[in-house]
Amino acid sequence: MADLHIQINRDKGGIAGQIASELRDSIRGGRLTPGTRLPATRDLAADLQVSRGVVVEAYEQLVAEGFLVSRVGVGTQVTPRTATRAGSSQRARSRVPLGPGPVRGPAGTPGRTPYYGHRPTSPDLSHFPRERWLAAVRHVLTTVPSDALDYGDPGGVPELREELAGYLRRVRAADVRPQNLVVVGGVAQGLSLVLHVLAQQRPLRLAVEDPTSHRQIPLLRRAGAHLIPVPVDEEGLDVRRLAGDAVLVTPAHQYPTGVVLSPPRRAALMEWANAGNRVILEDDYDAEFRFDRDPVGCLQGLAPDRVILSGSVSKALAPGLRLGWVAAPAELAEAIRRARGELDLGSPVIEQHALAHFLRSGGYDKHLRRMRREYRRRRDALVGALAEEMPKIQVRGIDAGLHVYLELPAGWDGHETARIAREAGLSAEPVAPMRDSQGLAAMVVGFARLPAHQAVGAVQALKVRMSGQNVD
């Protein structure tokens, strides 16, 4: 059993998070090797002079992230096959090729008119921190040298990459350095650039979650990907049914089902990637808005030389900023940076400096805390109204994000119900799996722009309009 040397700062608070961070760093650094058994929670709590619940919370967080495994009768151990940096240079050189070939599905089909603007996943833009953002822009315009406004590094300004690297390590448990980050115009552009780079050697099949965002399918298809739908259940992507040479996942909060990739599935996904020299594309969707507990750390923190992480400020601040990032192994990050330069020479410089200042000054964290509280109130109000007024509709997924996934009663049509829901004032879209849904009708409803006091009225309006469906 390992003798742990954990340092905690009691004045700083967040003791469980500190313990989890110390253990995570020890695993990454090789001080705790795969298979090492950790002390019982009661023993470690006594050693650290904290409550047992604090240690339990830290262990549970690392189990959820895939760093630890816990079994009855065995105890808690470092995951036997936790990925390390060994062989990172070989993995960084590996290329995941992408190949042509569309997958036909009911959404995102050729000829479909694209919809721009408000979506169920859009944040409440009336809460955009205008004054603080304006202060950040003013700070930039009064402090940065004139040369900073010239053509810069297409990978992003160094100040922003430095701040992003620190933020992702602190908040998302990522294992990333500034030189491994590329600033992009949102997750969509990040994925397009990654697929462009990975397709340089030979065609490849890309596994995608099913159901998934219908808006993402044309993007992936245009990038040359041959898509392979893989079912999603209550534990996330069904790794047993994976095929192809790479996979795109949203492990923190899957869209549209709202589930989290479970610890066993995380471990199985890592084994799948390592066994076949495959790459995992991680879309860190909705990771910052979990309401019932701390969000699960990103997959990239487990295997930084196997996972390519994409994220943005589209949900936290505003989609219109078009600011995102890609974290990739060094050689691949350099290839993505070159591709960005060849595409459009990089992102707007003033906005990058403003975001760097916003992160550094604590404004970003403060805004997230405020919106996390507000979105939780709005979700609770919508879910409560549905339970009271329309109990036949089942709310699925975790308490997180900006939308709820609703399973509709048998015989309901998802497209028609979503249309009626929009008439009732709800932001709704039908769920259309790429494969046969076996009669399952579902839709997503966004709550970010639905004030808590309006939730009951909106659901009652939906109930009246659906009265012909024999809703109780």
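Index from 1, following the sequence. Heavy-atom basis, side chains included; hydrogens, waters and symmetry copies ignored.
- Distance CG/L299 to CG/D284: 9.0 Å, rounded to 0.5 Å.
- Side-chain atoms of R161 come within 3.5 Å of backbone atoms of G156 as a donor-acceptor pair (strictly under, hydrogens ignored).
- Ionic pairing of R24 and D175 is not present here: no N-O contact between side-chain nitrogen and carboxylate oxygen is shorter than 4.0 angstrom.
- Atom CZ of R241 sits in a sparse spot, with 12 or fewer heavy atoms from other residues, nucleotides or ligands closer than 6.0 Å.
- Side-chain contact check for S192 and Q189: no donor-acceptor pair (N or O, by modelled atom type) lies under 3.5 Å.
- Tested against E429 for a side-chain hydrogen bond (donor to acceptor under 3.5 Å, both in side chains), the candidates H415, R215, H403, R119 yield a single pass: R215.
- Side chain of D124 to backbone of R449: no donor-acceptor contact under 3.5 angstrom is found.
- Contact check on D399 versus R293 returns no salt bridge, with no Lys/Arg side-chain nitrogen under 4.0 Å from an Asp/Glu carboxylate oxygen.
- For an aromatic pair to be called close, the ring centres must be under 6.0 Å apart, and Y405 with Y255 fails this.
- The backbone N or O of F67 sits less than 3.5 Å from a side-chain atom of T79, completing a donor-acceptor pair.
- Using a 30° and 60° split on the angle between ring planes, Y285 and H253 fall in the parallel class, below 30°.
- With hydrogens and angles disregarded, a donor-acceptor distance shorter than 3.5 Å links the side chain of Q254 to the backbone of P211.
- Remark: side-chain polar atoms of E65 are paired, donor with acceptor, to backbone N or O of G297 under 3.5 angstrom.
- Remark: L62 CG to I27 CD1 distance equals 6.0 Å, nearest 0.5 Å.
- Remark: the backbone N or O of T250 is not paired with any side-chain donor or acceptor of E282 at under 3.5 angstrom.
- Rounding to the nearest 0.5 angstrom, the gap separating the CG atom in L359 from the CZ atom in R170 is 8.0 Å.
- Looking at E57 and Q61, their side chains never bring a donor and an acceptor atom within 3.5 Å of each other.
- In summary, R378 and E374 engage in a salt bridge, as defined by a charged side-chain N under 4.0 Å from a carboxylate O.
- Taking CZ from R222 and CD1 from I217, the interatomic distance works out to 14.5 Å, rounded to the nearest 0.5 Å.
- Between the side chains of R340 and S347, a donor-acceptor pair is found at a separation under 3.5 Å.
- Remark: side-chain polar atoms of R396 are not paired, donor with acceptor, to backbone N or O of G258 under 3.5 angstrom.
- Taking a cutoff of 4.0 Å between a charged side-chain nitrogen and a carboxylate oxygen, K315 and D286 do not qualify as a salt bridge.
- Remark: the backbone N or O of G301 is paired with a side-chain donor or acceptor of R28 at under 3.5 angstrom.
- To the nearest 0.5 Å, atoms CD (E60) and CG (D294) are separated by 11.5 Å.
- Heavy-atom contacts from other residues, nucleotides or ligands closer than 6.0 Å to CZ of R422 number more than 12.
- Taking CD of E288 as the reference point, atom CG of L368 lies at 5.0 Å (rounded to 0.5 Å).
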